[in-house]
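In what follows, chains are A, B, ... by sequence order, proteins preceding strands, each numbered from 1.
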Amino acid sequence: MEEAIVNSRAAKWSTYAVAFVITALIFGTAFAASVYFNGRRAAEIRTAQDSISIDILSLETQFDLLAEHSCRDISENSVLSKEIRPVGERLSFLEGQRNVDQDELLRLKRYYSLLQIKDLLLMQRVAQKCGLEPVFILYFYSNAGDCEDCEEQGYVLTALSEQYPQLRIYSFDYNLDLSALQTLIDVNDVQNSLPALIINDRVQYGLKTIGDIEKILPELATLKKAESKNATSTE
Amino acid sequence: MEIVTYVLLFVSLYFEVFLLLSFLERRRGVAIKKGPGAALLPSVAIVVPCFNEEDGVRSTLLSLLSLRYPSEKIEILLIDDGSTDRTVAVAQDLIAATPGAAERIKIFSKENGGKHTAMNFALERTETDLIGCLDADSVVDPHALSRIVQVLEDSAISAVTPGIHAKEPETWLQHMQHVEYRISIFNRFMLAALGSAFITPGPFSIFRTAVVRELGGWKYGHSTEDMELALRMQKHGHLIANAPSATVHTGIPRTFSGLFRQRVRWTYGFLKNAIDYRAMIFNRSYGNLGLLVLPLALFSIAAAIYFFCQMIFSAALSLMTTFTRIELTGTLPSPTLELFYINTSAMWILVIVSVALVLALIMAGSRIGTGSKRPPMGTPLFMLFYSFLVPLWLGAAVVRAIFNTGVRWR
């Protein structure tokens, strides 16, 4: 046990100052650690991005080969890289974090969107050549605070993709500065009235529930339902 | 909003760091005096103010009779403050059954007037050098008085507070208070080291009788006369020391309602006394007490309430989002254990640092109070739940203070 203690109450300024410096260091370290961990996350996504780049190249090559191969050689579900969905989820998570290098995040989002567009185009070509009827949804959202229902629409689409793992959902940030994406928006004449879904070549505006989508897209019934849940995010 | 949170967190962390840093520097300026011979020991009056204390008064008196201090130098004054139960009968039975007790324990009865009136009643009837109080729900260690008297050998010191521990914690709520008392041991020790003690707790704080008389005795002090007297002593430049080895075990509430009522009274008393002594706040002439301790004690109340409200707001928002999600999709989001999604925000890291510092305070309090750094077994419970309870009585006390409602002892 400690001995008895007392002291005059005269302020010792050096202790005040040292305590301030230590507290400031703790704060600085916390912020630096947060930046570091988000940097690590970005690096993980960058690694995935490299893989996606290869996927893009592979998709293009696959597309070239398509002309000389039979439809049997190209399985519809093998085209979409398994890395795309996790990257989408991770990007979405990173977007919600503070202390993130915004330029890096933007670069990653652009790559992600580009890959999705490439996959979409290839899938349409494959479908055309092989007489398939792919079931897919294009989802346009905004993070700029001008889309009240986008968060809810994200929940709906996540649940839908968990329910139907074969359903392809391509999600795009409407405001992303990417010329290919802007072309996609122009081609489909998507207005800035979000959330917007393109289902069977028709643009649907406003929040759509699972029931609404099942009505608009009856082909969903042809897809296998998931036996167990697989987390997928499209926000 | 976020900047406010960071500022509050910074100041809260600063105070914790300041106290721990001061703890590491504590050797400087410590007042330790050798004890005098028995012939020179001062006489001491220990007042046991009682209002319906039939359950605890016997053990309190027995512990006082067991004090290792010359019996001719101790007066035990039981002041019955208008009890309506068997308090006096229990005390009389004890006196009758204990040889020598009749000469050492004096029983006085008066009309109920509150603890401060009982203390003043005793003050008028004693001529001892020192006077102290022992609440009738507390028991002292046999060596407690001699350890306190040693400290009072330093004529610059006007009062000494003991090391207060929770008595026989049983319920989960009491175990959490047991941990809290360890933090209080640390705080009391450090505030004495900073010359800034602003409470002389009811369980066995010992004063120089002359100083108490000179200051005008005890006052109502918004039902916290122990805080009011300490602030008055500080205002008049008196030093208040702490002797953590002078161990006292005090009764603690078993139920939440009892704890809530007690803490509302303490917090209300602090707020009202702080208003009464507002001239000391941010006043350089009161050193650490005026510049740091009182402002930060007030600040910590505001910060605790703010963090609690923010937490409730965030939880409500999250709950609403979950309900919306369930309503829209019929399912809950799938949880993930991937490392990628672990929260590493600066705010979260700072909260973890704050929790670690609280643990350090508990360990330091344990070391000061028991000699072992080992925290009490209720520490995990305390860390998980206590911070959710504290803002409840802080908020209630603030509201009561604003509307000047007053508080009752029971």
Ring centre gap for B:Tyr14 and A:Tyr16 strictly below 6.0 Å: no

4.5 Å side-chain heavy-atom contact, B:Ile342 and A:Phe37: no

Side-chain touch B:Phe340/A:Ile45, heavy atoms, less than 4.5 angstrom: yes

Interchain contact, B:Glu338 with chain A, by part (heavy-atom threshold 4.5 Å): side chain

B:Thr344 and A:Arg40: side chain donor to acceptor below 3.5 Å: no

Segment of B:Leu13 engaging chain A (4.5 angstrom heavy-atom cut-off): both

Side chain / backbone / both / neither for B:Leu9 at chain A, heavy atoms under 4.5 Å: both

Residue A:Val18 versus chain B: region with a heavy atom under 4.5 Å: both

Note: A:Glu152-B:Arg325 ion pair, threshold 4.0 Å (strictly below): no

Residue B:Tyr286 versus chain A: region with a heavy atom under 4.5 Å: both

Segment of B:Thr161 engaging chain A (4.5 angstrom heavy-atom cut-off): neither

Note, B:Asn288 side chain near A:Lys12 side chain (heavy atom, < 4.5 Å): no

Interchain contact, A:Thr15 with chain B, by part (heavy-atom threshold 4.5 Å): both

Part of A:Tyr36 lying under 4.5 Å from any heavy atom of chain B: neither

Contact check, side chains of B:Phe18 and A:Phe20, non-hydrogen atoms, under 4.5 Å: no

A:Leu160, part contacting chain B, at a heavy-atom distance under 4.5 Å: neither

